[in-house]
Amino acid sequence: MSNCHGTGTYRQTQSVLQRTGAALAIVLGIAITALNLMHLNAYMLLVGPALVLAGVLEIRWCGREAGSLPFSSPADVSGRASTTAQIAFWMLLSAVALIARSIATERPLVFFIIVAIACALLVCSSYSAQHPRAVALVLCGAILLSLVVRGSVFFLTPGFPGSDAWAHDQLTRAILAEAHVPTEWSSTYYLHYPAMHLAVATTALATGIDLKLALFAGIGLPLALSSLAVFVIVRRFTGHQAALLAALLVLFTSYHLQWGTQIIPTSLGLSLFTFALMLCLRTGSPGPKELFILLLTAITLVLSHTVSSFILWTSLLVLVAVSLILQRVSHTIRLPYALRGISFMLLFMTVAMFAHWSTNPYTHAGDSFLEWMLLTARDSIRMDAGFLERPWDAASSGALADELASVSGFALFYFLVALGALQSLKRNERYFGLLAIAATVAILSAFVFAFPLFGIRTILPHRWFAFIWVLAAPLAAIGLLRLAVLTRNSVSAIAGAGIASLLAFLMVTAPVSNTDSPVYAASLTQRLTFYESELCAAAWLPTVTDGPVASDLQFASRVLRDASGLPVVHTDLTMETYLGEHHYVWRSTTLEQPVQLHGGTCIIPGIEHALDVELLQSAVYSTRSCIVFAPVTQTSEEDPASAT
């Protein structure tokens, strides 16, 4: 009788904790939603209700499945059904690859639908993956599908997708040409963070492949393979089925896809961040070999990227603090990882990061990155800080429906994370690690959301989500299984696969990861891939002028300046300031999609802009997607031309 009474008391305490956490989620969600009364914002309009819904469902479901978290399959899937799902997946993977290979300019809607269905089949296959070979097959399928999605942008885009990759490519070429890192460069910052460039150059030399393929093989491929580290981490906390789902979620989250196609030092930083977490979250204390690997990882990350190293340092600091607090609250708590490994890595990162930041120049004036960061933060607090001065402003854009569509995947992910975090409140030794992870994710998310909320953007908050979501992946996987396991058993497998498929579709088509062919929110999505005909115009210009050449900020800076070597002028609202004397590259994308102007403001210039340019200049070169204009007063030997 005493045992039964003790069990009842334990479950009652557990239920109280979960209900308390659910109530806090509801209050926080309502508070976030209420902020829209003062400042309308798409993120707050969706993330707030997502937290409220998670809290309401947890209160409603609290007490069901009280014994354990849904670490295993929510339903029994027969061997025949599993085999059918696997065969169908590989057929869809082949179809996706064929579509990607055949497209000319952009991916069609059917491409993304097939990817989402393939993700659902992977989830169904994971339910019955008990044998190590079956687990490996699901992981290989997820990685290959992700690589096809990433490669469909990276390899089928002329040049490089994204913004900064063009400038980084120039430094990599200089390293190969000079056989060392140059002593002088247009960007002093790049010279002191050469890890990615050296990795790409080494890959190109070792394999004999061109630099674009070397960039994907040396940086993009390891980023996709870092999902294996996520699998290892989550398996230590839960089991292989939740770990499979976590790896799948990471591969198809929008920010992971973004840095898998727009490959820059952040991509390498994200890979090293995930690898470092796998090394730190171990049950035993690190030995000499593990300590050496930790030290090497810390140094490489510091030499790769400032933001990535700072995010890892902050994450480890918060994780150590949360773990110590949990152990302080209850001496019975036994964490499933050794704090010594995390502490060693935190110490390595502190010494290496701040030493490097304070000794190497960051600006042409000679200021170190630490000096520049502190001064910029001070100025931002003095001049920009203000409550609800966040950059994501749906009201100002006048396209609230597009804004809501663009962040729907973001909100769904946080909904699943909230559900998983509430499950970690179960007072069980097995889940204390998840509770620490949940607290760390909550603190980091609050930290990142709070800075833009007050108008402070110096920490580049949008860069943090890719890293936070790696930590949040086990919580999202548990939340997904929680939704599936509480449906009727006959449809639980379908429910879990359907939610995963919806999330994959929203993530793959989100403007963050899909800047080449936006399915929705096109009026908000800046195209960060360039057509072959646009690059032809950029290659033609140096033959007739040594500049400056005017165009929108991204095309001017990345293609005309970094690739073609021309001095540039960025499009301004006062056209006479640059159209009177310079060649001007007008792109047809400005008719329907936003481009950046001088100063970084994004607008859709529209047909009025094109007509105004025609009145002030004459066309001297045209392709299917752009026109090069020259001042009418110039009498050059430029002949009108066309290119396909």
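All figures in this text were calculated on a predicted structure; none of them were measured in a lab.
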Could you report the tightest heavy-atom contact between [X] and [Y], atom names first, then the distance?
X	Y	value
A165	P161	CB-O, 4.1 Å
F89	A142	CZ-N, 4.5 Å
C119	L145	SG-CD2, 4.0 Å
F467	S308	CZ-OG, 3.4 Å
A411	V47	CB-N, 4.3 Å
R558	A167	NH1-CB, 4.1 Å

Would you be so kind as to tabulate the donor-acceptor pairs closer than 3.5 Å made by side chains of residues 524-531, with sequence neighbours excluded?
| unit_1 | atom_1 | unit_2 | atom_2 | d |
| --- | --- | --- | --- | --- |
| T525 | OG1 | A521 | O | 2.8 |
| R527 | NH1 | D516 | O | 2.9 |
| R527 | NH1 | T529 | OG1 | 3.3 |
| R527 | NH2 | E106 | OE1 | 3.3 |
| R527 | NH2 | D516 | O | 2.9 |
| R527 | NH2 | Y531 | OH | 3.2 |

Inset, instruction - Start with the C-alpha gap between L281 and F237, add the side-chain angles, then the distance that decides, and say whether side-chain contact (heavy atoms from CB on, under 4.5 Å) holds. - result: CA-CA 10 Å; L281 298 176; F237 290 94; 4.2 Å; yes
State, with a plain yes or no, whether a side-chain heavy atom of [X] is found less than 4.5 Å away from one of [Y].
X	Y	result
T266	R463	yes
Q596	I603	no
I26	I59	yes
I117	I114	no
F273	S304	no
L419	I478	no
Y520	L506	yes
T571	L553	no

Legend entry - Pair H609, T590: side-chain N/O donor-acceptor within cut-off below 3.5 Å: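 No.
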Can you check whether [Y]'s main-chain N or O pairs, donor with acceptor, with [X]'s side chain at less than 3.5 Å?
X	Y	answer
S513	M507	yes
T515	P511	no
T274	S226	no
S309	T306	yes
T601	L597	no

Inset, instruction - Look at the rings of F410 and Y43 and say which category their plane angle falls in: under 30° parallel, 30 to 60° tilted, over 60° perpendicular. - result: perpendicular
Inset, instruction - Identify, with sequence neighbours excluded, every residue that meets side-chain hydrogen bond (donor to acceptor under 3.5 Å, both in side chains) alongside S501. - result: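 Residues passing side-chain hydrogen bond (donor to acceptor under 3.5 Å, both in side chains) with S501: none at all.
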Inset, instruction - With sequence neighbours excluded, tell me which residues meet side-chain hydrogen bond (donor to acceptor under 3.5 Å, both in side chains) with S146. - result: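 S146: side-chain hydrogen bond (donor to acceptor under 3.5 Å, both in side chains) contacts with R150.
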Enter the distance from [X]:[atom1] to [Y]:[atom2] here, rounded to the nearest 0.5 Å.
X	Y	atom1	atom2	result
S551	R587	OG	CZ	6.0 Å
L51	L24	CG	CG	11.5 Å
L277	S315	CG	OG	7.0 Å
Q423	T238	CD	OG1	13.0 Å
I311	F465	CD1	CZ	10.5 Å
W469	L475	CH2	CG	13.5 Å

Legend entry - V230 vs M278, side-chain contact (heavy atoms from CB on, under 4.5 Å): CA-CA, chis, key distance, verdict: CA-CA 7 Å; V230 174; M278 184 186 71; over 6 Å; no
Legend entry - Results of ring pair (Phe, Tyr, Trp, His ring centres under 6.0 Å) for F252 - residues two or more places apart only: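 Checked F252 against ring pair (Phe, Tyr, Trp, His ring centres under 6.0 Å); zero matches.
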Legend entry - ring pair (Phe, Tyr, Trp, His ring centres under 6.0 Å) involving F415 - partner list, sequence neighbours excluded: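 F415 satisfies ring pair (Phe, Tyr, Trp, His ring centres under 6.0 Å) with no residue once adjacent residues are dropped.
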Inset, instruction - Any chance you could lay out the side-chain contact (heavy atoms from CB on, under 4.5 Å) test for H168 and F160, step after step, and finish with the verdict? - result: CA-CA 10 Å; H168 290 294; F160 298 95; over 6 Å; no
Legend entry - For L245, the option from L416, L122, V123 that meets side chain to side chain contact (heavy atoms under 4.5 Å, CB included): V123
Legend entry - Identified side chain to side chain contact (heavy atoms under 4.5 Å, CB included) counterpart of I143 within the set V138, V148, L251: L251
Legend entry - Criterion side chain to side chain donor-acceptor pair (under 3.5 Å) on Q554 and S163, from CA distance to verdict: CA-CA 7 Å; Q554 289 296 336; S163 176; 2.8 Å; yes
Legend entry - Stepwise side-chain contact (heavy atoms from CB on, under 4.5 Å) test for H256 and L270: CA-CA 8 Å; H256 213 275; L270 184 55; 3.6 Å; yes
Show me the donor-acceptor pairs within less than 3.5 Å that the side chains of residues 434-449 make with the rest of the protein, sequence neighbours left out.
| unit_1 | atom_1 | unit_2 | atom_2 | d |
| --- | --- | --- | --- | --- |
| T440 | OG1 | A436 | O | 2.8 |
| S445 | OG | Y414 | OH | 2.9 |
| S445 | OG | V441 | O | 2.8 |

Inset, instruction - May I ask you to say whether E58 pairs ionically with R482, meaning some side-chain N is under 4.0 Å from a carboxylate O? - result: yes
